[in-house]
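For reference, the structure is listed below as structure tokens.
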Amino acid sequence: MERLDKILSSQGICSRKEARKLAADKKIKVNGVIVRKSDIKIDPDNDIIEVGAKRIQYKKYIYIIMNKPEGVLSASNDKHAATVIDLLPEEYQRPGLFPAGRLDRDTTGLLIITDDGDFAHRMLSPKSHVPKEYEALLDEPVTDEDIRILENGVTLRDGTVYRPARIVEIKDCCVRIEITEGKFHEVKNLFAYVGRTVEKLERIRIGGLKSDKNLGRGECRLLSDFEISTVFSSDND
Ligand code: URA
């Protein structure tokens with residue numbers, strides 16, 4: 001059993017404060033009966049909730065797409081710095097949220113925030129081979145030899161092994177690169193290996209899910225079921 005206002009806010013329907021007003025305005029029904037209070041406890045798996053004319057399809061987990069801005073930590077909480085969770089609007093806030101896969105503090109772009117551990121594990125597991133594409137702005141263009149090296153896989157002096165990357169597109173110093181692992185600083189380290197410095201880094205795709213150009217930096221929205229499934233599809237056209 002869970003509080004009605006908590007359920008509505010967890011589903012991205014409205015904030016708890018708005019839920020109280022909606023209930024007072026007789027806009028919420030549970031099992032066909034108008035409820036006047038938003039703090040009542042109900043069973044979200046079995047009770048039928050309607051807000052206005054809309055029936056709420058309760059989903060256990062939440063999946064949020066964010067356009068991560070620079071300067072924010074990909075972490076659930078931090079004593080000193082702002083995290084991506086701090087940027088979420090109140091209606092998406094709930095315990096257990098975390099970024100599925102970390103981006104460096106200065107890296108921008110596509111980030112999925114969820115409370116579904118299995119989903120994140122599947123997405124991040126090297127066994128799943130979910131490709132992640134980044135757009136890197138380099139200090140100098142890469143050469144054909146650099147591309148060959150990166151596409152063959154790289155072993156750093158400290159023994160770190162990076163699987164072969166794929167260079168998707170090159171426009172002067174702007175290179176689109178696809179990796180399937182997502183190890184710490186992987187893209188920066190790969191380019192450093194061929195003597196380049198990454199000046200800007202943005203993630204633009206995870207599996208078949210592309211970043212949403214309508215989201216400004218720091219903005220987010222819920223993903224649809226279809227979009228969630230595209231994370232595991234190899235279609236990247
Ligand atoms: N590779 C990096 O070097 N940094 C990121 O944030 C992501 C991938």
Side-chain angles (χ1 to χ4, degrees), residues 64-78 80-88 97-114 119-142 146-147 149-171 173-212 215-220 231-232 236:
I64 300 160
I65 177 173
M66 176 179 280
N67 181 352
K68 180 190 171 295
E70 252 183 277
V72 175
L73 286 186
S74 289
S76 297
N77 52 60
D78 190 89
H80 308 291
T83 72
V84 289
I85 305 298
D86 297 328
L87 297 182
L88 297 177
L97 283 176
F98 61 93
R102 291 184 170 214
L103 292 177
D104 295 338
R105 195 175 181 147
D106 58 355
T107 301
T108 58
L110 175 56
L111 187 70
I112 299 175
I113 296 169
T114 185
F119 166 86
H121 179 73
R122 200 173 148 216
M123 187 185 114
L124 299 171
S125 163
K127 283 189 205 142
S128 302
H129 296 278
V130 173
K132 287 112 193 161
E133 188 176 332
Y134 293 83
E135 195 169 274
L137 180 68
L138 306 177
D139 57 341
E140 279 179 57
V142 282
D146 296 335
I147 297 170
I149 292 170
L150 297 174
E151 293 197 333
N152 270 329
V154 157
T155 304
L156 302 186
R157 279 208 193 142
D158 67 4
T160 309
V161 178
Y162 295 123
R163 278 192 193 153
R166 187 167 73 89
I167 302 296
V168 181
E169 191 183 275
I170 304 177
K171 278 188 191 154
C173 289
C174 190
V175 180
R176 287 190 174 189
I177 182 170
E178 183 191 89
I179 57 172
T180 53
E181 292 172 296
K183 287 183 178 158
F184 188 58
H185 291 336
E186 180 158 351
V187 173
K188 290 173 187 165
N189 287 347
L190 284 171
F191 284 116
Y193 188 82
V194 293
R196 301 293 177 279
T197 302
V198 174
E199 293 181 341
K200 271 190 182 172
L201 189 60
E202 174 167 3
R203 183 156 60 192
I204 57 173
R205 183 171 57 83
I206 301 174
L209 179 72
K210 290 182 182 169
S211 48
D212 180 345
L215 291 178
R217 294 270 188 248
E219 289 182 349
C220 60
V231 167
F232 302 105
N236 56 13

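As the structure lists them, so they are numbered: ligands from 1, and atoms in each ligand from 1. Predicted model only: the values in this text are computed from it and were never measured.
- Ligand 1 lies under 4.0 Å from heavy atoms of Leu103, Asp104, Thr107, Tyr134, His185, Glu186, Val187, Lys188, Leu201.
- The structure places CG of Leu137 at 11.0 Å from CD of Glu202, a figure rounded to the nearest 0.5 Å.
- Both tests hold for Arg122 against Phe232: distance to the six-membered ring centre under 6.0 Å, angle to the ring axis within 45°.
- Applying the side-chain contact (heavy atoms from CB on, under 4.5 Å) criterion to Leu87, with sequence neighbours excluded, gives Met66, Pro69, Val72.
- Contact check on Asp106 versus Lys188 returns a salt bridge, with a Lys/Arg side-chain nitrogen under 4.0 Å from an Asp/Glu carboxylate oxygen.
- For residues 149-162, the set of pairs meeting the side-chain hydrogen bond (donor to acceptor under 3.5 Å, both in side chains) definition, not counting sequence neighbours, comprises Asp158-Thr160, Tyr162-Asn189.
- In this structure, the side-chain contact (heavy atoms from CB on, under 4.5 Å) partners of Asp146, at least two apart in sequence or on a different chain, are Val142, Thr143, Val194, Arg196.
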